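The structure appears below as structure tokens.
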Amino acid sequence: MSDTPATVRLFVDADACPVKDEVYRVAERHGLPVYVVAGSFIRVPHDARIERVAAGPGSDAADDWIAERVEPGDIVITSDIPLASRCVKAGGEVIAPTGRRFSEDSIGMALAVRNLMTDLRSAGGQTSGPKPLTPRDRSTFLSELDQTIRRLQRSRRRA
């Protein structure tokens, strides 16, 4: 029995995801299932491969739903660093909307920076929020998502 699901699955942390439309297009091109997970109702295209998941109330409900289901060979789209960490530890591939890929090597530093910024804000320090997504970020995201899908599909064919 394989450690990976039969096909690459895409999980989108959807509440504040600016690249949902891009994910839908790439998933359609590759014929992949997409789970669009939010705390409450969110609109998705009418497509049999796209499943809308209203994870319920609670600040971490969507994160918990994704983290409990992600397996090696799945891809998670999120900018939430703690969720990214949980998914990387579960063996999933994680890509931020900017195209940044989180890995075992990079997630520790990303968590440390996030925690430092949280501590600074709670101590009254002024920090800037995330930068707006640029066209270059979208292009980088699309490229990283496509490359990750192709790499995972190649590894499945070899298994």
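Computed from heavy atoms alone, side chains included, the values below leave out hydrogens, waters and symmetry copies. This is a predicted model, so every value here is computed, not measured.
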Minimum heavy-atom distance between [X] and [Y], given as atom pair plus value:
X: P97; Y: F141; answer: O-CB, 3.3 Å
X: D74; Y: R69; answer: OD2-O, 3.9 Å
X: G73; Y: R156; answer: O-NH2, 3.5 Å
X: A54; Y: F41; answer: CB-N, 4.2 Å
X: D15; Y: A62; answer: OD2-CB, 4.5 Å
X: A27; Y: L10; answer: CB-CD1, 3.7 Å

Quick one: which of D80, D13, T78, I66 gives a side-chain contact (heavy atoms from CB on, under 4.5 Å) with C87? I66
Go through K20 and I50 one step at a time and tell me if the side chain to side chain contact (heavy atoms under 4.5 Å, CB included) criterion holds. CA-CA 11 Å; K20 290 187 288 291; I50 299 173; over 6 Å; no
With side chains defined as the heavy atoms from C-beta onward, is the minimum distance between [X] and [Y] less than 4.5 Å?
X: V76; Y: F102; answer: no
X: I77; Y: C17; answer: yes
X: V34; Y: V44; answer: no
X: L133; Y: V19; answer: yes

Results of salt bridge (charged side-chain N to carboxylate O under 4.0 Å, His left out) for E22 - residues two or more places apart only: R138
Take the angle between the ring planes of W65 and Y35 and call it parallel below 30°, perpendicular above 60°, tilted in between. tilted
Could you grab the distance from atom [atom1] of [X] to atom [atom2] of [Y], nearest 0.5 Å is fine?
X: L142; Y: Q147; atom1: CG; atom2: CD; value: 11.0 Å
X: I149; Y: I75; atom1: CD1; atom2: CD1; value: 4.5 Å
X: I81; Y: R86; atom1: CD1; atom2: CZ; value: 14.0 Å
X: R9; Y: R49; atom1: CZ; atom2: CZ; value: 15.5 Å

Carboxylate-amine/guanidinium proximity below 4.0 Å for E93 and R101: yes
Presence of salt bridge, D146 and R150, under 4.0 angstrom: yes
Before giving the answer on side chain to side chain contact (heavy atoms under 4.5 Å, CB included), spell out for F11 and V53 the whole-Å C-alpha distance, their side-chain angles and the decisive distance to 0.1 Å. CA-CA 10 Å; F11 292 88; V53 178; over 6 Å; no
Can you tell me if CD on E28 sees more than 12 non-hydrogen neighbours from other groups inside 6.0 Å? no
Taking atom types as modelled, find out whether D137 and T134 have a side-chain donor-acceptor pair closer than 3.5 angstrom. yes
Pair T140-E144, side-chain donor/acceptor within less than 3.5 Å: no
Stepwise, does the side chain to side chain contact (heavy atoms under 4.5 Å, CB included) test hold for R29 with V26? CA-CA 5 Å; R29 187 169 63 240; V26 172; 3.7 Å; yes
